Amino acid sequence: MTVRVRFAPSPTGFLHIGGARTALFNWLFARGHGGQFILRIEDTDQKRYVEGSLDDIMASLRWLGLDWDEGPDVGGPFGPYVQSERRELYRQWADWLIENGHAYTCYCSSAELKQMRKEQKENKDRLGYDRRCRYLTAAQRAEREAAGLTPVVRFAAPLEGTTTFHDAIRGDITYANEQITDQVLLKSDGLPTYHLANVVDDHLMQITHIMRADEWINTAPLHVNLYKAFGWEQPVLAHLPVVLSPSGKGKLSKRDQAFQEGNDLVLVQVREYKTNGYLPEAVDNFLTNVGWSFGDDVEKFTIREAAPRFELESINPAPTNLPYSKLDWLNSQYIQEMDDLALAQALKPYLEETGYEVNVDSLLAIVPAMKVRLKRLTDGNEFLRFLFDDDSWQPDPAKLRHNRLVDPLDAFVRSRDFVRDVASFTVASVAEGLYAIGEQATDTGKAGPLLGVLRYAVTGQQASPPLFESIVALGRTRTVERLDDCIAMLQ
RNA sequence: GACCCUGUCGUCUAGUGGUUAGGACGCGAGGCUUUCAAUCUCGAAACGAGAGUUCGAUUCUCUUCAGGGUCACCA
């Protein structure tokens, strides 16, 4: 049997990092088992629909490289892949359940249900629908229909015994049926709830394995009983561990966009990872390491390499934080593997975003030298500020001195003169000349102190690309101007 | 509150009825260096607690504690 899995997001917001992880695990499983990965849109709650979210979800999945075999845009043999276009199907199967005694119409108003819950709370009774409509006589139903009440359809759950299902990650999980209430299957607007839609679609789309978030565990017995009622085969279930907020307080998916947690900026939408300078390969790698491990003490790998090793049974069931510092490390690793042209092109939009005018050719002169310093593509904005923003160059005179320099002013003058007069303005000759001056400028004969101070003088930054490349990128004229200003400050 | 899930270094994880409990990130120290960065070496750092089973438990069982999840005409 061919493995068929699906990612089934609701278009209620931009793609969440937790959702991306769920999609990724499904993708890994499908690709590792020669199966199909299906994208299905669960838009049965029209009230929560967010304009533009479907586009973002698909764009984000594509950015991550998670391609799907069937879906709303590419079609497929089991479409449509948007639930709101399948409503007739759900209504038919809801009717089937009613006809076969597995479901019933319920006429309770929301006010009535609210009151019921209130009383349950007050009396400390178990929460949940008390099944008052389950036992209505035909006459009573007719009476309500005549009164114009629009019913919902509820599942007639088993009243006694237990329901057990097997979770591929956690093993068998058993619930007492008296804990399970009669959930709504079809809403009064004629659209299904998740419970009905998901079971009907997974069956009709021949889904073999369901990987979904942990928070669905408690409704799994309902779904299992639905499969039983329909007489359909139950797909393998696997509930993925929740992704926690970094503080460990609550699940991350409760947050819908980036927020500050202590000193860390916590990114929650996939698009935020992109705008903050992360590479999709790094995000994929990062996510795959959470709740699963490649093995052999290997931390860095592509999802293509991971797929053949990916098994449901090896997923760690414990809830988890996202280790953001590891993402930075991975991202820097992937940046260092990029070729210079690709990196220059990747950096360009971020620089332009901050208002710098850049062209790839001039960027190529400095990019190779600063590559190892980049953790995120946005770091280029900081490192290259000295190049693109003259106004930001405001060195602190106190930092132009170094206690190993015998005569800072003299060293600056000689450096300035050298840069101004050197015949060949290249990295190699600038390096040679400044080394020589630096070695004479200290009592130890080491060039380091002068070069360190010059870096600060020329760039106005504590951290920058290497000095000689920075000088060449900046150009002779601007370098001399800045050194002139520094000399004035030192006098 | 009820039910369900989970519990190995700070974090992400590997692992076993007998291991010096492994790796990674981060952190600290040192080397190298254009004293930022990268890189190399070294280091600190964990089996939540209590019973039980066993010759022996981090590993199996129970209890407990802690964290999380769910209790909608939302997914």
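Since the structure is predicted, the reported quantities are computational estimates derived from the model, not experimental observations. Each chain gets a letter, A, B and so on, in the order its sequence line appears, and its residues count up from 1. Reckoned from all heavy atoms, side chains included, excluding hydrogens, waters and symmetry mates.
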**OP:** Between A:G291 and A:C106, name the one whose nearest nucleotide on RNA chain B is closer to the 5' end.
**Re:** A:G291
**OP:** Pick the C1' atom in B:rA66 and in B:rA44, then give their distance to the nearest Å.
**Re:** 26 Å
Subject >> Pair A:R170 + A:D214: basic N to acidic O under 4.0 Å >> reply: yes
Original post:
Among A:F301, A:F294, A:W292, which one satisfies ring pair (Phe, Tyr, Trp, His ring centres under 6.0 Å) with A:F310?
Top reply: A:W292
**OP:** Check whether any side-chain N or O of A:K187 sits under 4.0 Å from OP1 or OP2 of B:rA75, and answer yes or no.
**Re:** yes
Original post:
What integer distance in Å separates A:H195:NE2 from B:rC73:P?
Top reply: 9 Å
Subject >> Given B:rC74, B:rU13, B:rU70, the nucleotide with the shortest approach to the side chain of A:N218 >> reply: B:rU70
Subject >> From B:rC25, B:rU11, B:rU6, nucleotide with atom closest to A:P319 side chain >> reply: B:rU6
Original post:
For the pair made of CG in A:D328 and P in B:rC25, what is the distance, rounded to whole Å?
Top reply: 13 Å
Original post:
Of the non-hydrogen atoms in A:I303 and A:T288, which two are nearest, and what is the gap between them?
Top reply: CG2-OG1, 3.7 Å
**OP:** Let me know which of A:R40, A:H223, A:H209 forms a side chain to side chain donor-acceptor pair (under 3.5 Å) with A:D202.
**Re:** A:R40
Original post:
Can you tell me how far CG of A:L191 sits from OH of A:Y90, rounded to the nearest 0.5 angstrom?
Top reply: 9.0 Å
Original post:
Want to settle it: does A:T219 or A:P323 sit nearer the 5' end of RNA chain B, counting the closest nucleotide to each?
Top reply: A:P323
**OP:** Can you tell me, in whole Å, how much space there is between the C1' of B:rC12 and that of B:rA49?
**Re:** 25 Å
Original post:
What nucleic acid atoms does A:Q462 come within less than 4.0 Å of, heavy atoms only: base, sugar-phosphate, or nothing?
Top reply: sugar-phosphate
Subject >> Phosphate OP1/OP2 of B:rC12: any A:N321 side-chain N/O under 4.0 Å >> reply: yes
Subject >> Between B:rG15 (P) and A:E313 (CD): distance, integer Å >> reply: 13 Å
**OP:** Starting from C1' on B:rU6, measure out to CG on A:D214 and report it in whole angstrom.
**Re:** 8 Å
**OP:** Please state the P separation for the pair B:rU16 and B:rC74 - nearest whole angstrom.
**Re:** 45 Å
Original post:
Are A:R48 and B:rA72 close enough that a side-chain N or O sits under 4.0 Å from OP1 or OP2?
Top reply: no
Original post:
Within the structure, does a side-chain N or O atom of A:S332 lie under 4.0 Å from either OP1 or OP2 of B:rA37?
Top reply: no
Original post:
Does B:rU39 have OP1 or OP2 sitting under 4.0 Å from an N or O in the side chain of A:Q333?
Top reply: yes
Subject >> Integer-rounded Å distance: B:rU6 C1' and A:I217 CD1 >> reply: 9 Å
**OP:** Please determine if a side-chain N or O atom of A:K326 lies less than 4.0 Å away from the OP1 or OP2 oxygen of B:rU13.
**Re:** no
